[in-house]
Amino acid sequence: MIVAWDLSRSAQTVEGLRSYLRDYAVEAFSEVPGMALKVWFSNAKRQIWGGVYLWESAELMPLTKPAAPSRSTELIGYEPTSVSVFEVEAVSAQGDAWRAFADIGLAMHDADGEDERS
């Protein structure tokens, strides 16, 4: 799931929202049930702000708004300008970190849902 805001109508800025991450959101999101990973992104030049969520299953994913405990809508003043949901094919990371995500994604399983690497 990718959730994004165009901040052009908000009093908030990318720079201003960084304290929200440091002081609250990073720790708060570490306890969201069903969320495997969240990465926040920004483009300060274009004033775009958002997050990429990786959920353990589609059933655990909120479909129309950011996950609780998000305060983004309250801080920004309006709902996200874009919410997109995708299937994950595979995940990788540098060094051995990829192993934590090795079983995630449709490409990592055959048509019967069996592990391709078995």
Can you tell me if CZ on R18 sees more than 12 non-hydrogen neighbours from other groups inside 6.0 Å? yes

Here the pair of heavy atoms bringing M108 nearest to I104 is CG-O, 3.5 Å

In Å and rounded to the nearest 0.5 Å, what is the CE to OG distance from M35 to S30? 7.5 Å

Tightest non-hydrogen contact, residues Y53 and V3, listed as CE1-CG2, 3.8 Å

Counterpart residues, side chain to side chain donor-acceptor pair (under 3.5 Å), relative to E59 (two or more places apart): S57

Could you list the residues that satisfy side chain to side chain donor-acceptor pair (under 3.5 Å) with Q47, not counting sequence neighbours? E15

List in chain and number order the residues that pass ring-ring contact (aromatic ring centres under 6.0 Å, His included) with Y20, two or more places apart in sequence or in another chain; answer none if no residue qualifies. Y24

Can you tell me how far CG of L17 sits from CH2 of W40, rounded to the nearest 0.5 angstrom? 12.0 Å

Same apolar cluster: M1 and V26, side chain cutoff 4.5 Å: yes

Those residues at least two apart in sequence (or on a different chain) that pass ring-ring contact (aromatic ring centres under 6.0 Å, His included) with F41 are none

When every non-hydrogen atom of I76 is compared with those of S10, the smallest separation belongs to O-OG, 2.7 Å

Under 4.5 Å between side-chain heavy atoms, counting indirect links through other Ile/Leu/Val/Met/Phe/Trp/Tyr residues: same cluster for V32 and V39 or not? no

For residues 81-94, dump all side-chain donor-acceptor pairs below 3.5 Å to protein atoms at least two apart in sequence or in another chain.
residue : atom : partner : partner atom : Å
T81     : OG1  : A4      : O            : 3.2
T81     : OG1  : D6      : N            : 2.9

Sequence neighbours left out, what passes salt bridge (Lys or Arg N to Asp or Glu O under 4.0 Å) with D96? Give chain and number order. R99

Hphob cluster co-occupancy, V52 + W55, side-chain heavy atoms under 4.5 angstrom: no

Least distance between heavy atoms, S72 atom then W5 atom: CB-CH2, 3.4 Å

With a 4.5 Å cut-off on side-chain heavy-atom distances among I, L, V, M, F, W and Y, is there a chain of contacts connecting L75 to V14? yes

Note: D103 and H109 closest approach over all heavy atoms is O-NE2, 2.9 Å

